[in-house]
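A note on names: the letters A, B, ... follow the listed sequences, proteins ahead of strands, and every chain is numbered from 1.
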Protein chains: 2
Amino acid sequence: MKQKNVSLNDIAKSLGVSRALVSLVLNGKAAEHGIAESTCQRVLAKASELNYKPNQLARSLRLGRSFTIGLVVSDISNIFYSKLARAVEDLAERAGFSLVICSTDEQVDKEQKLLRLLQNRQVEGIILSSSQADCDDLTRLKNDGVPLVLIDRKLDCKQLSTVVSNNRLGGEIGTKHLIDSGYKRPLALAITPAHISTISERVKGYTNAVTEVGIAPWVAEVPFEEVPSYVEALIGRLKAENRLPDSIFALNNSVTSAALVALKKHGLDVPASVGLISFDDIPYFEFMNPAISAVEQPIAKLAEVAFGRLMDQINGSSATAYESLTVELPVNLIVRESTTKQQPN
Amino acid sequence: MKQKNVSLNDIAKSLGVSRALVSLVLNGKAAEHGIAESTCQRVLAKASELNYKPNQLARSLRLGRSFTIGLVVSDISNIFYSKLARAVEDLAERAGFSLVICSTDEQVDKEQKLLRLLQNRQVEGIILSSSQADCDDLTRLKNDGVPLVLIDRKLDCKQLSTVVSNNRLGGEIGTKHLIDSGYKRPLALAITPAHISTISERVKGYTNAVTEVGIAPWVAEVPFEEVPSYVEALIGRLKAENRLPDSIFALNNSVTSAALVALKKHGLDVPASVGLISFDDIPYFEFMNPAISAVEQPIAKLAEVAFGRLMDQINGSSATAYESLTVELPVNLIVRESTTKQQPN
DNA sequence: CCAATCACCTAAATCGATTTAGGAAATTTT
DNA sequence: AAAATTTCCTAAATCGATTTAGGTGATTGG
């Protein structure tokens, strides 16, 4: 069934030369080794005649380079991560790297297992959106010599190169926008576990903003395993008790979806009854009715900076050595219809 | 910087035994080779003491198995493909395979380049949603001994195992739903290039359905590089000329988005002015206003069947040899608000 | 005619694992 | 005590490439 692939040796044998010669020629090092032009031609011709495909596994083993990097996120089918993955893929491809993508489902043990797996596969570096609460495991990985860049989520950790959005500021901007639009009682919809830095930072930003104008913070924490049902129950309860917020800041795209479902199900109009702004912009928000306001993350830029840092680590260049270890990139407020408060009250 | 990894040899040396011994023990073949229990313990202890990580590259080279498969689609950031990727990832992981994901941007030359790359990397199989018009290239790949399964899009080709949705039937069902809802003049929004089987099949289904009830087919072909602008211009023109369709069947998720944008921009109410149904369901459709009706593809099932067939090819089992080479899986109509015609006219 | 130079190529080690055939020492059998 | 087994382990080939130090034969120089 699976016939043996053509190897360097096969070419060498069928030409009666050494495989060193063949390797040199095929790697374009013929000139610097003074290999006769005519020999080059013969090798090249034979290689294409036999349809030679270099075995990258062997090459990688010998060179100690796999030309592969890993991207580990919680769920590649989440649109935020799939956009990020695509951006990383393009950068990697241009740099001659393949990309292995893994999803952790927010499970720390799965994350650890996948990281070990990638390490065993000799990936040259890893870009990771970690679900871990501390960075012991990751520091160990890094000390093992695996270039590592954290993306999206930061850990409380001085050692690891990290690239994130400015989530705190995003939380602030979004909240201020609600306040500026006339909302008096904005509810922040967060998600557990609480150690996920993106969410906690956004909550901080929210809290700062409301506190500053004398509004008491109001944060609901949604367990990530049961987002839709929990949010629906929450909205239902608040409505029944006549304690609805006048606006909601949904702090990531999964709670935004849940909130939209719940509001629709309970017949609550956006923005007439409840204003809504989302952390994370989604293509579909633009043409929804109402169009959803959002705090947009610079996905392409995140990928770019993270990938750049990873390459610096791989190439051992000290370019980023003197920069701050953690970069926070600016986010962008997109005002649409879902935060347009109708009447002043 | 990058210290050398601990190898089998290091363990062997530091224990004064052969590396064959170490390999056998670590692979659990100690018993069948009559290796002393005490020796096993020493090896295991030393391996964990030195924090040994097996080099999968070396292992793969020796075994002739990379435990990696490739998934090649047009764009991993498209939600359809990212859901598919996630499903494949889970299956692959359970089977002990890593997944390399590549995007082709619908470019045939890029697809060919990526396939070659994957082949050089010795992936054990490839799941491919191809942008190619014919299958010469792919047949060659397969004949090279690379297990290959086409997914999502089929080619006009008798040789390649293929797993797709029943797109023709989906086109029919969606169109019939429009007709049954009282629409008289449904426009099918297709996309070029025309050789993409998903779209051409859906158009066929649409055409069958309208023809059957005596309605003339009306298909607009949108060039895939300029979907949003083209669709907007089209809707604008039709509106200006007072030739608007009473409903639209958007034949994939990119034109659906474009149609929604265009309709909103031109102030056309869905479904009051124009009904809309989408091929491909998207999570966001459920809670949009109006909620969008859709023909849903069985993504998980597609992944499952394709992966199963790939494994059969890899394992050389003839399980699927007698089945039809192409499977078409049933799709599902989801009726929501966007196809609710108000008044009979 | 011998040595130096040049042009061209090869041998062999190496990366890190797996696997098979077989060997040495200890034990049992007769 | 010699022969036959057992028990436990090793040598060496192998996967397919890369790379370095060196070798061979022809040409040139003196």
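A close approach under 4.0 Å does not occur between any side-chain nitrogen or oxygen of B:Arg59 and OP1 or OP2 of C:dG16. OP1 or OP2 of D:dT18 sits under 4.0 Å from a side-chain N or O of A:Ser23. Taking only side-chain nitrogens and oxygens, A:Ser18 comes nearer than 4.0 Å to OP1 or OP2 of C:dT10.
Computed from coordinates, the B:Leu21 CG to C:dG23 P distance equals 18 Å when rounded to whole Å. Computed from coordinates, the B:Leu8 CG to D:dT10 P distance equals 13 Å when rounded to whole Å. In this structure, B:Leu26 places its CG atom 9 Å from P of C:dA17, rounding to the nearest Å. Remark: C1' of C:dA7 and CG of A:Leu24 are 15 Å apart, rounded to the nearest angstrom. Nucleotide C:dT10 holds its C1' atom 14 Å from the CG atom of A:Leu15, rounded to whole Å. Look at CD1 on A:Ile11: it is 12 Å from P on D:dG16, rounded to the nearest Å. When rounded to the nearest whole Å, the span between NZ of B:Lys13 and P of D:dT10 equals 15 Å. Distance B:Leu63 CG to D:dG16 C1': 14 Å, rounded to the nearest Å.
Nearest to the side-chain atoms of A:Ala36 among the listed nucleotides D:dT14, C:dC8, D:dT18 stands C:dC8. Proximity note for B:Thr39 (side chain, C-beta onward) versus C:dT18, C:dG16, D:dC8: the nearest is D:dC8. In this structure, of C:dT10, C:dT20, D:dC8, it is C:dT20 that holds the atom nearest to the side chain of B:Ala20. Closest contact between the side chain of A:Arg19 and the listed nucleotides D:dT19, D:dA17, D:dA13 involves D:dA17.
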What verdict does the side chain to side chain contact (heavy atoms under 4.5 Å, CB included) test give for A:Leu155 and A:Leu150, after you've listed the backbone C-alpha separation in whole Å, the side-chain angles of each residue and the deciding distance to 0.1 Å? CA-CA 8 Å; A:Leu155 297 184; A:Leu150 298 185; 4.0 Å; yes
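Atom CG of A:Asp109 is surrounded by more than 12 heavy atoms from other residues, nucleotides or ligands within 6.0 Å. Counting heavy atoms of neighbouring residues, nucleotides and ligands inside a 6.0 Å radius, atom NZ of A:Lys301 does not exceed 12 of them.
B:Leu57 is listed as a side-chain neighbour of A:Ser66, based on a closest heavy-atom distance under 4.5 Å.
In this structure, a donor-acceptor pair under 3.5 Å is present between the side chains of B:Arg309 and B:Ser161. When only modelled atom types and interatomic distance are considered, A:Gln122 and B:Gln56 share no side-chain donor-acceptor pair under 3.5 Å. Checked by atom type, the side-chain pair B:Glu111/B:Ser130 shows a donor-acceptor distance below 3.5 Å.
Residue contacts shown for B:Ile35 are limited to sugar-phosphate atoms, with no base heavy atom under 4.0 Å away.
Within residues 40-58 of chain A, no residue has any heavy atom closer than 4.0 Å to DNA chain C. DNA chain C is contacted by B:Asn27, B:Lys29, B:His33 of residues 27-34 of chain B, taking any non-hydrogen atom closer than 4.0 Å.
For the atom pair NZ (B:Lys113) and CZ (B:Arg116), the distance works out to 9.0 Å, reported to the nearest 0.5 Å. For the atom pair A:Arg86 CZ and B:Asn78 CG, the distance stands at 10.5 Å (nearest 0.5 Å). Within the model, atoms CG of A:Leu148 and CD of A:Gln313 stand 7.0 Å from one another, a figure rounded to the nearest 0.5 Å.
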